[in-house]
Number of protein chains: 2
Amino acid sequence: MATTNSATKKKPAVRAADADGTEQRLLREAAHLFRKQGFAGTSTRELAAAVGLQSASLYHYMESKEDLLYAICVSGNQLMIDAVTKAIEGREPIEALYAAIRAHLTTAIENRDVYLTTLAEVKSLSPRRRREVQKTRQGYAEVLAGVVERAQEAGDIRTDISADHLMLVLRNLLSWTLFWFRTDGDLSIEQFADLGSKVFLEGARA
Amino acid sequence: MATTNSATKKKPAVRAADADGTEQRLLREAAHLFRKQGFAGTSTRELAAAVGLQSASLYHYMESKEDLLYAICVSGNQLMIDAVTKAIEGREPIEALYAAIRAHLTTAIENRDVYLTTLAEVKSLSPRRRREVQKTRQGYAEVLAGVVERAQEAGDIRTDISADHLMLVLRNLLSWTLFWFRTDGDLSIEQFADLGSKVFLEGARA
DNA sequence: GTCTATATTGTGATAGAC
DNA sequence: GTCTATCACAATATAGAC
């Protein structure tokens, strides 16, 4: 973040070195618990304990438990839009495809609690909010679709399969990774991104 | 489960044409609600209503709500083991790979409630039962791994990437499909299986 | 095999003191 | 901004009649 740490800042002594504020901690712990136990499987008392508060104190930061899930789901999709958009800018089509795959996977794993909750717990939102989140999710799909389409137009990837259909396969490749990847395993997420790109582009055939 | 199918009390004249018994209906509705709302998000009252009983009556068929989830998760994995094992038997390696992909996807979609619950709600089981389910899941992984390894040995698919790594990509391709596939869309699951096989084997490169 | 009634604990959320 | 105390109700599960 490009926040100015200028000593002349008017806000009362907000130093860049300050650790997460309580609101940030709350969101982080909520994402963590929602991922591990599901939204419905996480009580406000549990959440409060994780943050180090009484459950009543949570309501200083949120209006309801569902608010928290909504905030997480929106930020999860926005996170991916920002990361992939930034990763592809200024790149030639085929390089942009590689960069998008890598950026998606590294960002998703680095923000695993948030993004897995985003993917797996939308169902727990009210219909209205679920639709809102699906709109931000669609926004991300369009970013990825653009990458695939430009690679097709540049003649880098096959056009006998529609961009939509290639996208279905690509998103399968990307999304499920969150569910099994172990950061303590012998395969780094960058290595898996390379592996995935390779198989997606070259195929598994001998 | 509170199944007591011991031979001591075998009911006479059980016809194959009989519609689902109450126990089967209970399992089916549980899988449906667990998929839509999650395990923790589904109450025993809701479940009872879906089956057409009072919540207390459920306890004639189960010992606890978790029992139901456990039964679903075990049967989900067994379902896939059976389907894919049968689909590949007697087939040459590369044909077995195609058949496995197709059998996985069609079986998963036909039993979507059960299999999606199996994949997404294991986390809601007690540690002991979670481990048991992961064992049956590992059994299925071995079936698929055998298919990939035999295709490598036959020279049908590349060996510069290990079977384990090819499996990671293949399982991504297969698993995420459950989360977005629409049976009322313009793409049948068999068509998607063909699409997936094609991209997995040939690659997306022009 | 299904019911009514209920025990017991847990839940999201609020009131109001400090 | 955090607390204690509490409300109103929903949760899983049991008891025992029919």
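So you know, we letter chains A, B, ... as the sequences are listed, proteins then strands, and number each from 1.
When the side-chain contact (heavy atoms from CB on, under 4.5 Å) test is applied to B:Ala83, the partners found at least two apart in sequence or on another chain are B:Thr107. For B:Phe39, the ring-ring contact (aromatic ring centres under 6.0 Å, His included) criterion is met by B:Phe34, not counting sequence neighbours. Residues meeting the ring-ring contact (aromatic ring centres under 6.0 Å, His included) test with B:Phe192, sequence neighbours left out: B:Trp180.
Between A:Val84 and A:Leu144, the shortest heavy-atom contact is CG1-CD2, 4.5 Å.
No side-chain donor from either of A:Gln152 and A:Asp156 sits under 3.5 Å from a side-chain acceptor of the other.
Look at CD on B:Gln54: it is 13 Å from C1' on C:dG1, rounded to the nearest Å. Per the geometry, CG belonging to A:Leu58 stands 13 Å off P belonging to C:dT11, to the nearest Å. Regarding A:Asp67, its CG atom lies at a distance of 12 Å from the C1' atom of C:dA13, rounded to whole Å.
Residues B:Glu132 and B:Arg128 are paired through a salt bridge, judged by an N-O separation under 4.0 Å between the basic side chain and the carboxylate.
Residues of residues 23-43 of chain A having a heavy atom closer than 4.0 Å to DNA chain D: none are found.
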Produce the list of close N/O pairs, under 3.5 Å, pairing protein atoms with atoms of nucleotides 13-18 of chain D; give distances to one decimal.
unit_1	atom_1	unit_2	atom_2	d
D:dA13	OP2	B:Tyr59	OH	3.1
D:dA13	OP2	B:Lys65	N	3.0

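By the 30° and 60° cut-offs, the orientation of the rings of A:Phe179 relative to B:Trp176 is tilted.
Close to C:dG1, at under 4.0 Å from its OP1 or OP2, lies a side-chain N or O of B:His60.
Evaluation of the salt bridge (charged side-chain N to carboxylate O under 4.0 Å, His left out) test over residues 103-114 of chain A, restricted to residues two or more places apart or in two chains, returns A:Arg35-A:Asp113.
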